[in-house]
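Beneath this line is the structure, given in structure tokens, with notes to follow.
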Protein chains: 2
Amino acid sequence: MQDAYLKQFKKGILEIVVLKLLESREQYGYELISALNEKSRFLEVREGTLYPLLYRLEDEKLIDTRWQQAPARGVPKKYYAITPKGRQVLGEVSKTWFAFSAEVGAILKGDDDQS
Amino acid sequence: MQDAYLKQFKKGILEIVVLKLLESREQYGYELISALNEKSRFLEVREGTLYPLLYRLEDEKLIDTRWQQAPARGVPKKYYAITPKGRQVLGEVSKTWFAFSAEVGAILKGDDDQS
DNA sequence: CAATATACTTTGTGTTACATAGTATATTGT
DNA sequence: ACAATATACTATGTAACACAAAGTATATTG
């Protein structure tokens with residue numbers, strides 16, 4: 001039941017978190033999933049969440065993709081890299097999120113003037 | 001475009017914010033809408049958002065409702081009051097939200113060990 | 001008495017996270 | 001050598017939620 005709320009909380013911000021993870025270097029899908037699952041107990045994702053999200057980011061030209069044909073050994077991987085437009089959106093939407101979460105936090109903290 | 005993200009950010013937390021607003025006293029629908037629109041530039045809602053949300057909260061027994069038949073003058077109003085179960089959920093989910101937003105904030109702030 | 005404001009209702013839409021299942025290649029244990 | 005497991009990506013379908021838009025009905029105001 002708590003999980004149902006968490007599922008909703010992630011909406012929208014997951015995209016931005018993924019862009020953030022790609023900010024420093026390109027990564028492939030499975031790498032991102034592992035990173036999220038290690039880094040955070042709230043942002044865990046499954047393939048069915050991440051890959052469609054990546055396709056959306058690609059459609060919006062926020063990331064570029066390239067296939068890396070098994071360089072020496074291993075399965076071929078699809079690498080995702082953030083674009084300049086992606087960096088711009090990352091910056092803007094991050095700022096919006098900080099403002100948003102601060103405001104929600106203020107309300108939930110209880111400075112509710114009961115007029 | 002920015003608004004599209006904001007719309008997603010609200011998911012889940014709007015319910016909790018409404019519970020919070022009802023924490024101190026019962027209120028009717030339009031009152032809640034006005035309160036949200038004044039109090040916050042991020043949490044603005046329309047009727048089509050709030051009323052279905054209130055019905056959900058009622059279904060889940062997190063709020064009670066009562067009709068106030070126009071006491072002296074004015075349109076009859078439907079008052080919403082938080083239940084004990086509602087207070088419990090408010091407390092629990094608030095805590096989850098603070099933890100969640102702190103974690104997202106930490107990631108977006110850029111302490112990304114690029115391993 | 002028409003126009004506007006208040007208050008609530010109803011229907012339908014788009015986005016998103018996720019479950020589930022599937023394909024295919026690599027690696028590992030015995 | 002070969003089944004089992006891990007890696008990596010794809011594809012289909014579902015549920016929840018915020019919202020647009022339109023509607024109903026009563027009060028107030030010019």
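Atoms considered below: every heavy atom in the structure, side chains included; atoms not considered: hydrogens, waters and symmetry mates. Letters A, B, ... are given to chains in the order of the sequence lines, protein chains preceding strands, and every chain is numbered from 1.
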Interatomic distance where [atom1] belongs to [X] and [atom2] belongs to [N] [whole Å]:
X     : N      : atom1 : atom2 : answer
B/L54 : C/dA7  : CG    : C1'   : 12 Å
A/E47 : C/dG22 : CD    : C1'   : 11 Å
B/E44 : D/dA20 : CD    : C1'   : 15 Å
B/L57 : D/dA16 : CG    : P     : 14 Å
A/D59 : C/dT16 : CG    : P     : 11 Å
B/L53 : D/dA16 : CG    : C1'   : 12 Å
B/L36 : C/dA7  : CG    : P     : 15 Å
A/F9  : D/dA16 : CZ    : P     : 16 Å

Is the phosphate of [N] approached by [X] (side-chain N or O, under 4.0 Å from OP1 or OP2)?
X     : N      : answer
B/Y51 : C/dT9  : no
B/R56 : D/dC17 : yes
B/Y30 : C/dT6  : no
B/K77 : D/dT26 : no
A/Y28 : D/dT7  : no
B/K10 : D/dA18 : no
A/Y55 : D/dC9  : no

Would you call B/E92 and B/K95 a salt bridge, using N to O less than 4.0 angstrom?
no
Would you mind checking if A/E26 and A/R66 are paired as a salt bridge, meaning a charged N to carboxylate O distance below 4.0 Å?
yes
With a non-hydrogen cut-off below 4.0 angstrom, is [X] in contact with a base, only sugar-phosphate, or nothing?
X     : result
A/G29 : sugar-phosphate
B/E15 : sugar-phosphate
B/Q8  : sugar-phosphate

Approximate separation, where rounding is to 0.5 Å, of B/F9 CZ and A/I16 CD1
6.0 Å
With rounding to the nearest 0.5 Å, note down the distance linking OG1 in A/T83 to CD1 in A/I63.
8.5 Å
Which base, if any, makes a Watson-Crick or G-U wobble pair with D/dG30, both distances under 3.5 Å?
C/dC1
With a 3.5 angstrom cut-off on both distances, give the Watson-Crick or G-U wobble partner of D/dC9, or none if there isn't one.
C/dG22
With a 3.5 Å cut-off and no angle check, do the side chains of A/E15 and B/Y5 form a donor-acceptor pair?
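There is such a pair (donor and acceptor under 3.5 Å, judged by atom type) between the side chains of A/E15 and B/Y5.
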Quick check on DNA chain D: between A/W67 and A/P52, whose nearest nucleotide comes earlier from the 5' end?
A/W67
Of all the choices, [options], which nucleotide is nearest to the side chain of [X] once you look at every atom?
X     : options                : result
B/L14 : D/dC19, C/dT9, C/dA17  : D/dC19
B/T49 : D/dA18, C/dT16, D/dC9  : D/dA18
A/K7  : D/dT10, C/dC18, D/dC17 : C/dC18

Describe, in one word, how the ring planes of B/Y79 and B/Y28 are oriented to each other, choosing from parallel (under 30°), tilted (30 to 60°) and perpendicular (over 60°).
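Answer is perpendicular, since the angle exceeds 60°.
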Assign each of A/R46 and A/K11 to its nearest nucleotide of DNA chain C by heavy atoms, then name whichever residue's nucleotide is nearer the 5' end.
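First, find each residue's nearest nucleotide; the 5'-ward one identifies A/K11.
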